[in-house]
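Report on the following structure.
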Amino acid sequence: MTTAQQIADAVRAGERSASEVLEEHLAVIDEREGDVHAFNLVMRDEARAAAVAVDAGDRTGALAGVPVALKDNLCTRGIPTTCSSRILEGWRPPYDATVVARLAAAGAVFVGKTNLDEFAMGSSTENSAFGPTRNPHDLDRVPGGSSGGSAAAVAAGFAPLALGSDTGGSIRQPAALCGVVGLKPTYGLVSRYGLVAFASSLDQIGPFAATVADAALLLEVIAGHDPLDSTSLDRPLPPLVSGLGDGVEGLRVGVLTELVHAEGIAPDVRRRVEAAAEALADAGAKVDEASVPAASFGLSAYYLIAPAEASSNLARYDGVRYGLRVDAENTAEMNAATRTAGFGPEVKRRIMLGTYALSAGYYDAYYGKAQQVRTLIIRDFAAAYDSFDVLLCPTSPTTAFRLGDKTADPMSMYLNDVCTIPSNLAGDPAISVPFGAGDDGLPVGVQLLGPALSEATLLRTAAVLEGALQ
Ligand code: GLN
């Protein structure tokens, strides 16, 4: 495996050309994309032109010549951005997302737009209007979701780096199921300008990579203040890559009881978390049991707050401003016909749940109550971080499940997010790092959580786990 860092170094040194690197990756895509379906669009021509520009010396930067895959809910100027929904059919964004612009400025070569659950609602990528993505480790299994295409693209070797978005686990859970690294940054660390909004108080963009160092490298390029996003933090970014080898001597690690023992956590996954705790202790960390009592209520609060925000955000798809229009007698009927034809069943379910939770008479009992629970979660995490630097728990309750296994029962699908949702509600960062395999031989990811802006600590802790496996 060639890492992004190695590619960038080799291209910079003139040992390899960006075009050569790109053709190698396109060849892997040609070989396996028909089975995996990681992409909604492979950007061959644009990528070739970008690579030629790198080789001509016209494009330089930390990622010059490195192939990168973009989740298809990130706006790319002039290039279809579908959110894997029919309702955006034919729409081409008039601008680039800030993360896309930053990657372009760093010399990255975009290979394509990756498949997702429609509008990032789901945990398996089966909710895509364009058909599911398959797990490169076993084509009968899901890659996780909603950023399943990005996770699969990295796992299959289509690109060493990819971007995803994470509202309730959509970077970390597919990373775990596909055996790659995935990080959800602190709320506000990465600009969301040009990310199609799902639930604005929760959405964050973050990196996928095959190694911890590559995830750190990608995050360094995309993070930082952006005046175009009013939730963007205006703070200097702590260096991420340089401290990766610093180890965990003396670090206080808490094994997060409520999530390690949550309903549905498979014994083989729990054993990998225990093995990770041991590996960290062996490396000098002080490992103890930690409790975040309100984390148990995260899932219930999330499935009110996220649909409520989604129902509001998705009101803009009205048949006038974007993509699809189904004509009818008058405007109201056109709106309804367009939305009926354009949205898939899960998106409709979320809109109905959200509008219900926000409606007069129910607002206090549902949305208001969920917000109170969210405050408790924030407080309980803050209390835990008085005693611990990092918390450890599973990323996903199980290894990758079979396609079709959970599509008939939305609740069983939602239960996948039990361990990832709490850090979205708290606004804190979290990383999933591969840590061995389950009984079925499929990858298991373990999750590290930390307080706001602790990305450097999470990454160096993850680096210790990565090293312990080798
Ligand atoms: N699986 C969760 C959901 O369906 C999280 C999705 C996400 O993080 N975008 O809402």
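Counting convention: from 1, in listed order, for ligands and their atoms alike. Values in this document were obtained by computation on a predicted structure and should not be read as measured data.
Looking at residues two or more places apart in sequence or on another chain, you find a ring-ring contact (aromatic ring centres under 6.0 Å, His included) between Tyr193 and Tyr95. Judged as a side chain to side chain donor-acceptor pair (under 3.5 Å), and not counting sequence neighbours, Arg325 has no contacts.
The two atoms that bring Tyr367 and Ala357 nearest to each other are CB-O, 3.5 Å, heavy atoms only.
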Could you list the donor-acceptor pairs under 3.5 angstrom formed by side chains in residues 97-104, with sequence neighbours left out?
| from | atom 1 | to | atom 2 | distance (Å) |
| --- | --- | --- | --- | --- |
| Thr98 | OG1 | Asp226 | OD2 | 2.6 |
| Arg102 | NH1 | Ile222 | O | 3.4 |
| Arg102 | NH1 | Ala223 | O | 2.9 |
| Arg102 | NH1 | Gly224 | O | 3.1 |
| Arg102 | NH2 | His225 | O | 2.8 |

**Message:** Set out, in order, the CA-CA distance, both residues' side-chain angles and the distance that settles salt bridge (charged side-chain N to carboxylate O under 4.0 Å, His left out) for Asp439 and Arg271, then state yes or no.
**Reply:** CA-CA 10 Å; Asp439 292 344; Arg271 280 196 295 275; 3.3 Å; yes
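A salt bridge is absent between Lys369 and Asp364: the closest approach of a Lys/Arg side-chain nitrogen to an acidic carboxylate oxygen does not fall below 4.0 angstrom.
Using a 4.0 Å heavy-atom criterion, the residues that approach ligand 1 are Ala120, Met121, Gly122, Ser123, Ser146, Asp166, Thr167, Gly168, Gly169, Ser170, Phe198, Tyr302, Tyr303, Arg350, Asp417.
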